[in-house]
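Notes for the one structure printed next.
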Number of protein chains: 2
Amino acid sequence: MASSDTRTQLLDAAERLFAERGYRGTSVRAITELAGANLAAVGYHFGSKAQLLAAVVRRVIEPINAAQCAGLDRLLARTSQPRVAELVEAFAGPLFDVITEGDESSAQTSQLIMTILSDPAEEMRSWNGPVEDLVRDRYLAEFQRALPDLSPPELWFRMRGLLAVTAVDRVEISHRRPVTGPSPAAGEESRRFAITFLAAAMSAPPTRT
Amino acid sequence: MASSDTRTQLLDAAERLFAERGYRGTSVRAITELAGANLAAVGYHFGSKAQLLAAVVRRVIEPINAAQCAGLDRLLARTSQPRVAELVEAFAGPLFDVITEGDESSAQTSQLIMTILSDPAEEMRSWNGPVEDLVRDRYLAEFQRALPDLSPPELWFRMRGLLAVTAVDRVEISHRRPVTGPSPAAGEESRRFAITFLAAAMSAPPTRT
DNA sequence: GTCTATAGAACGATAGAC
DNA sequence: GTCTATCGTTCTATAGAC
């Protein structure tokens, strides 16, 4: 039972550090120190650093995935042809919502997702399972129904754009903000800005060929 | 003169490897091997791995920056109030165009930019100079003029969304494409899809508060 | 389940010969 | 300007005591 506690502490510490510093930028030593555990604990509980990453990602992704799935079910129960904006909200909303509420945690999850999406390390590509693919394919099909004029390659591009924007909290334009600086959006505001931005983007007429 | 040649080979090799594997995932040894140079060459020509990164990024960013600047100048010479779609094209277009044409090179540049934008490593944050800030601030001001109803925080969010989508070629939704798979967009097609996507997104009415 | 201790490999940097 | 050789550090993983 102290076991399960250490396991959770390791997951928490790893989630935070992977988000802040990336996979390669985080050492097992840093994780175990932050978790108040022994260096050997990662090996004992997870087998390796890569398997710890997989466990972290699964823990973050699963509730998001379930929410995306439930959101689509709810939408389809109400109307046979959801609007694009509704699909965007159902898909992207859960990516901004957080299990543990609070702004730092929200930004952390967003950062972790972006880290996963953009990290070229091979270990980062192994989290994706059939469940994630299924949900994505369901949304893909619904977007295609809502946007029948869009070619499959352009729809695919927009799906990726949707994900990229979702992880926008990781993107920093520069380390200096403008002199007459607008303060950045945070938390709930980010979420609503993203829905507006993405609903318009997804609804755009097809690029003429 | 062999010096300048080795220098260039190192820059080429580093650009490719940083894009493919990230900064931390690329060793100096891998760079010098690909460049056909000696391990000590990086130290001699650039001082350190971090300074080599800075040189690589500068070489990639500078022509993009110049093109963004020239594009805005051209636009403002023609009309005092450019349309949002024109601003998007002038800003995002150069990020898709490539110095050395060809599809692999284009994807490589895009990947490198995304790697830079999303890598949490401290070294990745030091490339940004006053020139980049100036260009960004000019576009920010023009977008604000074209979209007077947008609050500064929302405009700032959209600028970051613009950049995030620009680097979409790095984002992979999953390692498996859908069974009825649309082939992904590449090169010039990516560029045009992005302009459509982003012009609509930037032009969206403000999020109601 | 937790710890110490260490193996074994890879890394960035650099001194010094040529 | 290029090379060899190596220093010192840091890393993940694990054997074995408790």
Side-chain angles (χ1 to χ4, degrees), chain A residues 1-59 115-116 119-127, chain B residues 1-59 115-116 119-127:
Chain A
M1 46 182 62
S3 133
S4 127
D5 197 51
T6 296
R7 225 188 107 93
T8 304
Q9 300 271 29
L10 286 172
L11 283 169
D12 290 343
E15 179 176 334
R16 170 153 159 209
L17 292 177
F18 286 151
E20 281 176 10
R21 315 180 191 173
Y23 177 73
R24 297 195 119 112
T26 304
S27 68
V28 174
R29 277 171 168 81
I31 294 167
T32 51
E33 261 169 49
L34 182 61
N38 186 272
L39 173 61
V42 164
Y44 178 79
H45 286 282
F46 298 95
S48 70
K49 182 187 173 185
Q51 285 171 280
L52 169 58
L53 169 71
V56 166
V57 174
R58 259 195 306 276
R59 195 178 63 156
T115 299
I116 294 158
D119 198 307
E122 200 47 55
E123 292 92 333
M124 301 306 236
R125 305 274 158 218
S126 50
W127 58 270
Chain B
M1 46 181 63
S3 133
S4 126
D5 197 52
T6 296
R7 226 188 106 93
T8 305
Q9 299 271 29
L10 286 172
L11 283 169
D12 290 342
E15 178 175 335
R16 171 155 159 208
L17 292 178
F18 285 152
E20 280 176 10
R21 316 180 191 173
Y23 176 73
R24 297 195 119 112
T26 303
S27 68
V28 174
R29 281 170 170 81
I31 294 167
T32 51
E33 262 169 48
L34 181 61
N38 186 270
L39 172 61
V42 164
Y44 178 78
H45 286 283
F46 298 95
S48 70
K49 183 187 175 186
Q51 285 170 279
L52 169 57
L53 169 72
V56 166
V57 174
R58 259 194 307 276
R59 196 178 63 155
T115 298
I116 294 157
D119 198 307
E122 200 47 55
E123 292 92 333
M124 301 305 236
R125 305 274 158 220
S126 49
W127 59 270

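Side chains included, hydrogens not; waters and symmetry mates left out as well; all remaining heavy atoms used. Because the structure is predicted, anything quoted here is derived from the model rather than measured. Reminder, nothing fancy here: chain letters follow the sequence lines and each chain counts from 1.
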TODO: Would you indicate which nucleotide in C:dT2, C:dA13, D:dT2 comes nearest to any side-chain atom of B:His45?
DONE: D:dT2
Open item on the list: Quick check against the 3.5 Å criterion: does B:Lys49 have a side-chain atom that pairs as donor or acceptor with the backbone of B:Tyr23?
Closed with: yes
TODO: Mind calculating the distance between CZ (B:Arg21) and P (C:dC11) to the nearest angstrom?
DONE: 10 Å
- [ ] Would you indicate, yes or no, if D:dG1 has its OP1 or OP2 atom less than 4.0 angstrom from a side-chain nitrogen or oxygen of B:Asn38?
- [x] no
- [ ] Could you check how far CZ of B:Phe46 sits from C1' of D:dG1, rounded to whole Å?
- [x] 14 Å
Task: Atom-to-atom span, CG of B:Leu39 to P of C:dA17 - whole angstrom - done: 19 Å
Open item on the list: Please pick, from D:dG1, C:dT14, C:dA5, the nucleotide with the shortest atom-to-atom distance to any side-chain atom of B:Ala40.
Closed with: C:dT14
Task: Inter-residue atom distance B:Asp12.CG - B:Arg59.CZ, 0.5 Å rounding - done: 4.5 Å
Open item on the list: Is there a side-chain contact between A:Leu10 and A:Thr32 in this structure, where contact means two heavy atoms from C-beta onward sitting under 4.5 Å apart?
Closed with: yes
Open item on the list: Rounded to whole Å, how long is the line connecting atom CD of B:Glu33 with atom P of C:dG12?
Closed with: 12 Å
Open item on the list: Base, sugar-phosphate or nothing for B:Thr26? Non-hydrogen atoms, less than 4.0 Å.
Closed with: sugar-phosphate
Task: B:Thr6 vs D:dG1: side-chain N/O to OP1/OP2 distance below 4.0 Å - done: no
Task: Interatomic distance, A:Ile31 atom CD1 to A:Gln9 atom CD [nearest 0.5 angstrom] - done: 13.5 Å
- [ ] Counting heavy atoms from C-beta on, name the nucleotide in C:dG1, C:dC11, D:dA13 closest to the side chain of B:Arg29.
- [x] C:dC11
Open item on the list: Measure OH/B:Tyr44 against C1'/C:dA15 and give the value in whole Å, please.
Closed with: 15 Å
- [ ] Rounded off to whole Å, could you give me the CG-to-P distance for the A:Leu10 and C:dC3 pair?
- [x] 11 Å
Task: Chi angles and distances behind the side chain to side chain contact (heavy atoms under 4.5 Å, CB included) call for B:Val57, B:Phe18 - done: CA-CA 10 Å; B:Val57 174; B:Phe18 285 152; over 6 Å; no
Open item on the list: In whole Å, I'd like the distance from the NZ atom of A:Lys49 to the P atom of D:dC11.
Closed with: 9 Å
Open item on the list: In whole Å, I'd like the distance from the CG atom of B:Asp5 to the C1' atom of D:dG1.
Closed with: 12 Å
Open item on the list: Is the phosphate of C:dA10 approached by B:Ser27 (side-chain N or O, under 4.0 Å from OP1 or OP2)?
Closed with: no
